[in-house]
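Computed over heavy atoms, backbone and side chain alike; hydrogens, waters and symmetry mates excluded. Here the structure is a predicted model, which means the values were calculated and not measured.
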Amino acid sequence: MDQYEPYCLADRLFYDKLGEDQTEASDFSLVRREVPADWVRIETDTWMYYGLGDGEPLPSQGWKIHVSACLDDAERALGVLWDYCLPRGIAFKYLRGQSALVMYNAKTASRSSSGKLATIYPRDAGELELVLKELDELLRDVRGPYILSDLRYADGPLYVRYGGFAERKVLSQNGELVLALEDGEGRLVPDVRGATFSVPPWTTLPAFLEPHLAARNAVTTTELPYQVESVLHFSNGGGVYLARDKRSDERVVLKEARPHAGLDAAGRDAVTRLKHERDILERLAGLDCVPELHDYFTLGDHHFVVQEFVDGNPLQRILVQRYPLTRATCTEETLAEYTEWAVDMLGQVESAVRSLHGRGVVFGDLHPNNILVTADDRLVLIDFEVATLAADEARSALANPAFAPPRDRTGVAADEYSLACLRMGLFAPQTTIMLMMHRQKITQLAGLIRRTFPVPAQMIDEARELILGDEPEDDGGAMRDLPLPGDASWQEVRDAMRRAILASATPERDDRLFPGDVAQFQPGGAINIATGAAGILYALSETGDERFPEYESWLSERALNPASGTSLGFYDGLHGVAYVLDRLGRRQDALDVLDITLKEKWEILGPSLHTGLSGLGLNLLHLAERTNEPNLRAVADKIVDICADRLGGPEDVPEISGGDNPRAGLFHGSSGPALLFMHAYERTGDPGLLDKAADALRQDIRRCIRTKDGSLQVNQGWRYLPYLEEGSVGLGLAVARYLVHRPDDVHGFAQDLADLRLPARSGYFVLPGLFNGRAGIIAALAMGLRHGVDEADPLLPEQIRGLQWHAMPYGGGLAYPGDQLLRLSMDFATGTAGVLFALQSASDAERVFLPFISPFGGAQALAKEPLRVTTPDGDDSYQRGKEV
């Protein structure tokens, strides 16, 4: 969620960047300072880059210097940096303003990049040493957070790390393009940016830095009376560790705070909050629902609270394990059992919170991850760093957005609001996040909960009234009059979603046409299929006859002049834009965009459908057939060969998807190449391509696990995925297409397909979107997630009705929130356009299919008669079918 929160600051309804006036108000004074004529300045939303326009270029990699500073010292530090670097011709960059610095130092920020105010690029080791020595004197009294990825120079705000100066990319072990360094043998390898300092094996630490490394290593925990056993949690503010008291052999929890790091909305750092938590725990001593305080100490400049170890599970984990609607085997009995447990648990939580109120303390951060439940049913509240005194009538400076009270709730009333959200959240997980955008949503949620669970009506109604407070119920009828999927007609629902999408358009903006996921603010993200204009225009064109020339021109202009760093991929880049432009009747623009992509180093891409070669190959096969451009087919054939050569065998992938391993599934895994091989087979008749497709599908099935309810889901080790992008139903679509060609397969794919379809029986999904939510389940069911069956899937009606959980009003129409549910999204991957497309695919009107998913020759044609294609040797006894 950390990457989403900064994009929630600018607008209440949509993810967005801060406006120019907001950015300027936050900018450091250096941003407006003129640079000498021979210098070049490059400006982004976050960084300001400076370097000499002429002269010897910088090396592509080397030892770089980072400057750390807290907010109070940042302007002064940057002034010193400017006066030092410009006369000496030393390149540098810095965060452009206070809001960016706070964002990089917030509690939820990345630990690997936190603390960095500025970066300096020395030309060589000699300049590195000189700059460090001289700037250390000039910046000695500047305070800042420790940069965990770097080696600290002396005791000041300067840090060093070996890394890239120029942007180069390479495929990582998990198949994604990442920033790269050149190793000792001249090969590009990932530039790993973790939260610990390390020296690449092909280089050595400059000798003058060795004493500083020794000083760093001299700080150890060996003299402490506590032995750390494991890490329980990390945040940018510090860590939480399981330890053992050497004196008593008792297990304890150490909670760490780093100075100047982990800022909250009030600007307090982690140390300030930890001292406050110690004081609160002392005040609450003796309560069974609060961990006992044992100790408080400092190590180096880090602070630690030592408290009782509570051997329990977070309520959030228990909720995930017990929640019945996510199981394919949910029955009325399991719903009743869960309801009884949830009501009892809510009573225990309310009792614990009110015992805090009895001591004059407001918890301030109530959510399921801050509630521990032990095996003997003891319930304990944890994490009191933002607790307040009831008499102060204050609000917490940090809070989980699904339980955060509005500004009109302070003191004890803030906890009461969070308790009411918890009542709803145990039956409709995460949905109360949407109340930040439209509090009237709570009335509809309450109705859905009462309709689904045998829950006491009074308990839900009281929670609803408490959440609404003084706000008039359904003011203006926005929720009450919304045409909901499953209740209203398809035409009413379709028109309502199209109204919402069109109402959100901002063609006057250069950086985006429609609001969507935060990824749209990355290079190319505003134009691609997944999060940009191409996907939304594609959904609109497939679900109605109206054309939007102004919006199409907006897309074309930016695709033909793509921003630096724009991906080549199908869903995340220019190939997908070319596909959509051709669908919109702008064929020459589509071909011109393809020309741009073919001049790039596309061979280095990974194999995926979303970002890599299989998406490119499928698009080129498709457009070669539509345009009769022989060079497109030639490149497509080369891509097929490359993917086949790189594939490996069914056992040549780990059993876990993601993390450091390649990902599985339709969009990111081997199912993408499988789809490419099947399309190539349909055009050539080469059975070896079907063999390759089978190997690819077996690779993805190897990374699946059969769960307790019998379903087959992609296994990430810590969770199982049923979704379209990287989950069961996406893989199932590829398996279903294979079975059309080989219904009598020898690999057990028919049974696999049945098990891959089982997660679609679940009654609840946290997100509504197409790629990783309920809409993707609907689309997969509608596009043929069963083998040898013609009629509509019987699971569709309830899944369509399930979209009511996330329905929201916007612009006189129906909209859906994007990933994290913090804001509405109109895009194809996460938001309203994807839901619109999925529902069109399931409608009784003209059906639509995702690109390259539509059945070859009709859903059942290939199951009933042999495939007829034109073979490479010119044998015309076959006749190629036509893709619907």
Side-chain angles (χ1 to χ4, degrees), residues 280-281 283-291 310 312-320 322-323 336-384 386-391 393-396 399-406 408-433 435 439 442 445-446 449-450 453-469:
I280 292 292
L281 289 175
R283 186 183 184 103
L284 297 175
L287 291 181
D288 189 56
C289 62
V290 176
V310 179
N313 282 315
L315 180 58
Q316 178 64 31
R317 185 180 303 168
I318 300 172
L319 169 63
V320 170
R322 299 188 67 134
Y323 192 68
E337 290 174 356
Y338 176 82
T339 300
E340 182 179 2
W341 168 83
V343 170
D344 177 70
M345 184 58 60
L346 286 165
Q348 293 183 55
V349 174
E350 291 177 7
S351 176
V353 171
R354 294 202 166 95
S355 69
L356 268 59
H357 296 169
R359 295 281 184 95
V361 172
V362 175
F363 190 28
D365 195 18
L366 180 70
H367 59 82
N369 274 319
N370 278 349
I371 302 167
L372 295 181
V373 182
T374 67
D376 58 357
D377 292 330
R378 178 189 174 195
L379 187 144
V380 180
L381 304 176
I382 60 171
D383 202 354
F384 287 85
V386 295
T388 61
L389 298 182
E393 286 292 329
R395 294 181 75 252
S396 167
N400 184 299
F403 301 87
D408 62 345
R409 314 298 171 91
T410 59
V412 169
D415 273 355
E416 296 292 349
Y417 181 94
S418 299
L419 281 169
C421 288
L422 187 67
R423 286 191 194 179
M424 298 294 187
L426 286 190
F427 296 99
Q430 300 299 315
T431 52
T432 52
I433 295 179
L435 303 181
R439 212 186 305 180
I442 193 60
L445 282 178
I449 290 169
R450 292 177 57 180
F453 293 90
V455 62
Q458 182 179 356
M459 186 184 80
I460 297 299
D461 290 342
E462 287 176 354
R464 177 184 61 80
E465 291 170 7
L466 199 153
I467 288 170
L468 283 173

Item checked: Whether Tyr417 side chain and Val412 backbone form a donor-acceptor pair below 3.5 Å -> no

Notebook entry, point to check: Got a donor-acceptor contact below 3.5 angstrom from the Arg395 side chain to the Pro405 backbone?
Noted result: yes

Check: What are the two closest non-hydrogen atoms of Cys289 and Leu356, and how far apart are they?
Finding: SG-CD1, 3.9 Å

Item checked: Polar side-chain atom of Thr432 near backbone of Phe403 as donor-acceptor pair, under 3.5 Å -> no

Note to self: Tell me the closest heavy-atom pair linking Ala352 and Ser355, and the distance in Å.
What the structure shows: O-OG, 2.5 Å

Next item on the list: Decide yes or no for Leu366 and Val349: does some side-chain heavy atom of the first lie under 4.5 Å from some side-chain heavy atom of the second?
Entry: yes

N/O donor-acceptor pairs under 3.5 Å from side chains in residues 339-346, not counting sequence neighbours:
| unit_1 | atom_1 | unit_2 | atom_2 | d |
| --- | --- | --- | --- | --- |
| Thr339 | OG1 | Leu335 | O | 2.8 |
| Asp344 | OD2 | Gln348 | NE2 | 3.0 |

Notebook entry, point to check: How far does CD1 of Ile449 sit from OG1 of Thr431, to the nearest 0.5 angstrom?
Noted result: 6.0 Å

Item checked: Heavy-atom pair with the smallest gap, counting every atom of Val310 and Pro291 -> CG2-CB, 4.3 Å

Notebook entry, point to check: Taking side chain as C-beta onward, heavy atoms only, is Ile371 less than 4.5 Å from Leu422?
Noted result: yes

Next item on the list: Locate the shortest heavy-atom distance separating Val380 from Arg378; write the atom from each residue and the value.
Entry: CG2-NE, 3.3 Å

Note to self: Does the plane of the ring in Phe453 sit parallel, tilted or perpendicular to the ring in Tyr338? Use 30° and 60° as the thresholds.
What the structure shows: tilted

Item checked: Salt bridge flag under 4.0 Å for residues Arg423 and Glu350 -> yes

Margin query: Using modelled atom types and a 3.5 Å cut-off, is there a donor and acceptor pairing between side-chain atoms of Asp415 and backbone atoms of Gly364?
Written below: yes

Checklist line | Residue pair Arg409 / Ile467: nearest heavy atoms and the distance that separates them | finding: NH2-O, 3.0 Å

Check: If we only count heavy atoms from C-beta on, is the Ile460 to Met424 side-chain gap below 4.5 Å?
Finding: yes

Next item on the list: With sequence neighbours excluded, tell me which residues meet ring-ring contact (aromatic ring centres under 6.0 Å, His included) with Phe363.
Entry: Phe384

Check: What's the shortest heavy-atom distance between Ala402 and Ile433, and which atoms?
Finding: CB-CG1, 3.2 Å

